[in-house]
Amino acid sequence: MDHKKLETLLHDMTLREKIGQVFQISGQLLAEDSAAMGPMQEMGVTQEDVLLAGTVLGVFGAEKICKIQKEYMEHHPHHIPLIFMLDVINGYRTVYPIPLAQGASFLPELSGKCAQMAAREAAAAGLHVTFSPMTDLVRDARWGRVMESTGEDVYLNGQFAKAMTGGYQGEDLAGEETLGACVKHFAGYGAPDAGRDYNTVQLTERTFREYYLPAYQAAVDAGVALVMTSFNTVNDIPATVNKKLMREILRDEMGFDGVLISDFGAIGETVAHGLSSDRADAARRALEAGVDIDMMSGVYPEKLEQLIRGGKVSEDLLDEAVMRILELKNKLGLFENPFKGADPEKEKTVILCEEHRALAREAAERSFVLLKNDGAFLPLKKGEKVALIGPYVSRKQLLGGWSFLGDAEDTVTVEEAARKLAPEWEFIFAKGCPVLDPGTKLVGFGSCEENEDEDQDAMWKAACDAAREADKVVLFLGEHFLQTGEATSRGILELPQIQQKLLREITAINPDTAVVLFNGRPLDLRVVNENAKAILEAWMPGTEGGPALIRTLTGASEPSGRLPMSFPYCVGQVPVHYDEFPTGRPYHAPDENRFLSKYLDIPNQPLYPFGYGMGYTTFSVSEVDLDREEMTRGESVTAKVTVRNTGDRPGTDVIQLYLHDVAASVVRPVKQMKGYQRITLEPGEETEVAFEIREEMLRFYTADGTWDSEPGVFEVMIGESSATESKKSFLLR
């Protein structure tokens, strides 16, 4: 439909019809005699509002969506189609690793393929839009939603935001295998005070613009169809009604021209924030800020007609929002084909197909991070008798806290994979203990059915017997999947006490023990680090997590992931991130001067830093070499190192480039990643890794608020993690 026809359609709609377009409802409300209508009626939402709503949340399945769409359009005065939206975060039914794990791969192009795979399944199931990617910068592991981000680094997050947006949307939003992407949460949601979800965010203008906005900008530049507002306040104003943030920054400065949708109930919540005086005031403020769709707070259908007829809100603002929604429906091709890619037969064949499972398996393998490997403990060797012990040995819940579309029964467990992929290996299997400490109660997306009837003493004895009998032990430990995700802030970042007890008991029996971790956030791993000879971070690896792990543990695949987020020494350090600012009294261990920036009882540095990870071989990295010592605008410096595989098997390394502006008009971070390269080398093979450093890579928000570089000395560091100190300097004139 051309734009003229959209304008004609808009002008022909009644005020109530237009208000319907800016209201998103739960799919439950479209069911006859739905019990969900009760709470909505209390908010002033009528059955007429429901039948005029423009978008739907939480419905999936081709047959169901086609039926709803057909019936809705038949009754709608202008037969305008619905948009069906859902949180497809890390896969639809075929679930790949959680986003934080994807960040560990340092392979945004692989995440793009995974997003494309998810779009293919979800589109066949009738969906049009996913609320992904989440590009919030995260530095505080107490915040449970770190699992949805790709980490603490500005550059890395931007790379993944771009790739995932492109993967979902493809070349044509109207395509039958694509989804509209929605970048979230705008803005600064990943920096809540005390790591507590929904809490306030306080950021300086410079920090906000330089560190928190770039990943959103990367998604906008990639053509993302929607942006979602965040629940939090940003410097004392709730983001959802922040006119400067949404109109001046997002639309005018960043160039976003798509649909802006609130998060669930966020407009109404601005009353609780203490900014909006009542729900009518919240509706007015949100529309004036440019929020096009009210997701489930009901303030738009309840209050906008009264506000517009009373002259308190201009109908032009409503028309502006409705036109953006109609344009999105047009881009999705819904006026020509309201069912888009929905296809019950294709849904049956494409979901969980072998191609998708293979991609999920590859993504899992690339996301694993080897944190410790004393004495080349891993990979395991054929002929060794190995006890695979722990609550995650036969556990199917490997999908993550936001994977409520996935079915745990589709997951291949570690034990199942071991029996199938390595039948000739001598494995002993034992659970040892449950995932959770006795009495732990969890609530979240998905069911939480833990078998409390198992004989705890028998499980424990079987695990101890297996440890005594085995040459080596691999313990499979971790968080419950409902301990990370939305509303899962934690003040203690340790494994459950019952698992720590199992770890100590098993390692006392058999010190030759490795630990594989399943978690959605960085944890305090001091106990694990002290007791295990090897540690493999597996995150929540998805549907094919079991096969990916067995291939990795037996050496068929090599762990090549690197940490996208620092693992703290303990929770007392958080928020902790590598690109911190220097202080006037920097501390360098083992300096005993008391009056330096340090803790009395813990180290300054995290246990495992950003970018860190090992493989099954070793590498040497030469000193940095620069092709010139000075550069001017329009020129570049090439920085090089020589990397050599010094081990006895092929391996992959991730060589990382960091820059430091030594003296500037504002204090600059001690280092910032500006590039990386994954390289694979045979034993004894070496290669040159080169990075081009251009002037635009040196820019920042200067003291006068401009985005620019400043003349001066820059340090270039290249190494295998953010802890690298190998450096050379050049002068920008």
Side-chain angles (χ1 to χ4, degrees), residues 365 368-396 398 412-435 451 454-478 495-519 525-538 541 545-559 614-616 649:
E365 289 179 9
F368 298 153
V369 184
L370 185 61
L371 298 176
K372 181 178 180 180
N373 198 25
D374 288 354
F377 188 94
L378 295 176
L380 303 171
K381 298 171 180 61
K382 192 178 292 188
E384 297 173 331
K385 180 180 288 188
V386 181
L388 306 183
I389 298 172
Y392 271 95
V393 168
S394 57
R395 186 171 176 79
K396 285 184 171 287
L398 308 180
V412 183
T413 69
V414 171
E415 181 175 352
E416 290 168 344
R419 294 185 187 280
K420 180 178 180 180
L421 299 180
E424 69 280 11
W425 288 62
E426 193 171 0
F427 290 129
I428 312 168
F429 304 97
K431 182 175 180 179
C433 71
V435 172
N451 188 348
E454 294 178 88
D455 187 329
Q456 304 286 315
D457 292 336
M459 279 198 302
W460 196 272
K461 182 178 184 302
C464 293
D465 289 345
R468 291 188 186 93
E469 184 181 346
D471 299 315
K472 286 182 176 179
V473 175
V474 181
L475 278 173
F476 295 82
L477 309 175
L495 291 172
Q497 290 299 312
I498 196 166
Q499 293 189 44
Q500 293 189 46
K501 181 181 177 183
L502 179 68
L503 168 66
R504 291 188 175 98
E505 182 81 9
I506 295 302
T507 53
I509 293 170
N510 189 336
D512 287 326
T513 296
V515 170
V516 176
L517 292 166
F518 298 83
N519 45 294
L525 296 180
R526 285 174 294 169
V527 171
V528 179
N529 196 54
E530 290 165 6
N531 287 277
K533 289 194 173 178
I535 305 172
L536 182 66
E537 174 57 73
L549 276 166
I550 291 301
R551 281 177 43 81
T552 301
L553 291 169
T554 59
S557 176
E558 180 200 22
M614 306 172 68
Y616 289 155
R649 60 175 285 156

**Contacts of type ring-ring contact (aromatic ring centres under 6.0 Å, His included), residue Tyr392, not counting sequence neighbours** =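 By the ring-ring contact (aromatic ring centres under 6.0 Å, His included) rule, Tyr392 matches Phe518.
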
Kindly compute the distance separating [atom1] ([X]) from [atom2] ([Y]), expressed to the nearest 0.5 Å.
{"X": "Leu477", "Y": "Cys433", "atom1": "CG", "atom2": "SG", "answer": "7.0 Å"}
{"X": "Leu475", "Y": "Leu517", "atom1": "CG", "atom2": "CG", "answer": "10.0 Å"}
{"X": "Leu370", "Y": "Lys372", "atom1": "CG", "atom2": "NZ", "answer": "11.0 Å"}
{"X": "Ile550", "Y": "Ser557", "atom1": "CD1", "atom2": "OG", "answer": "12.0 Å"}

**Item:** With Val516, the side chain to side chain contact (heavy atoms under 4.5 Å, CB included) member among Leu388, Val393, Leu378, Val474
**Value:**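 With Val516 as partner, Leu388, Val393, Leu378, Val474 yield a single side chain to side chain contact (heavy atoms under 4.5 Å, CB included), made by Val474.
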
Where the side chain of [X] meets the backbone of [Y], is there a donor-acceptor pair that is under 3.5 Å apart?
{"X": "Glu365", "Y": "Glu558", "value": "no"}
{"X": "Asn510", "Y": "Ala470", "value": "yes"}
{"X": "Asn531", "Y": "Val527", "value": "yes"}
{"X": "Arg649", "Y": "Gly555", "value": "yes"}
{"X": "Gln499", "Y": "Pro496", "value": "no"}

Taking all heavy atoms of [X] and all of [Y], pick out the closest pair and write down the distance.
{"X": "Tyr616", "Y": "Thr552", "value": "OH-O, 2.7 Å"}
{"X": "Ile535", "Y": "Ala532", "value": "CG1-CB, 4.2 Å"}
{"X": "Ile428", "Y": "Ala466", "value": "CG2-CB, 3.8 Å"}
{"X": "Trp425", "Y": "Leu380", "value": "CH2-O, 3.4 Å"}
{"X": "Val435", "Y": "Pro391", "value": "CG2-CB, 3.7 Å"}
{"X": "Phe368", "Y": "Pro541", "value": "CE2-CB, 4.0 Å"}

**Asked** Tell me the salt bridge (charged side-chain N to carboxylate O under 4.0 Å, His left out) pairs involving residues 378-388, sequence neighbours left out?
**Response**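 As it turns out, the salt bridge (charged side-chain N to carboxylate O under 4.0 Å, His left out) pairs with a partner in residues 378-388, which skip direct neighbours, are Lys382-Glu424, Glu384-Lys472, Lys385-Glu426, Lys385-Glu469.
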
**Item:** Salt-bridge contact Lys431-Glu454 (side-chain N to carboxylate O under 4.0 Å)
**Value:**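 Salt bridge: yes.
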
Just jot down the side chain to side chain contact (heavy atoms under 4.5 Å, CB included) partners of [X], sequence neighbours excluded, or say none.
{"X": "Ala463", "result": "Ile389, Ala430, Leu502, Ile506"}
{"X": "Lys501", "result": "Trp460"}
{"X": "Arg526", "result": "Glu494, Asp524, Glu530, Tyr569, Cys570"}

Could you check whether any side-chain heavy atom of [X] comes within less than 4.5 Å of a side-chain heavy atom of [Y], counting everything from C-beta outward?
{"X": "Leu536", "Y": "Leu549", "value": "yes"}
{"X": "Asp465", "Y": "Lys461", "value": "yes"}
{"X": "Thr554", "Y": "Leu421", "value": "no"}
{"X": "Pro559", "Y": "Glu537", "value": "no"}

**Item:** Residue list, side-chain hydrogen bond (donor to acceptor under 3.5 Å, both in side chains) with Asp512, at least two apart or on another chain
**Value:**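 With sequence neighbours excluded, Asp512 shows a side-chain hydrogen bond (donor to acceptor under 3.5 Å, both in side chains) to Lys533, given in chain and number order.
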
**Request:** Fit a plane to each ring of Phe427 and Phe429, take the angle between them on a 0 to 90° scale, and name the class: parallel (under 30°), tilted (30 to 60°) or perpendicular (over 60°).
**Result:**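 Taking Phe429 first and then Phe427, their aromatic rings sit tilted (interplane angle of 30° to 60°).
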
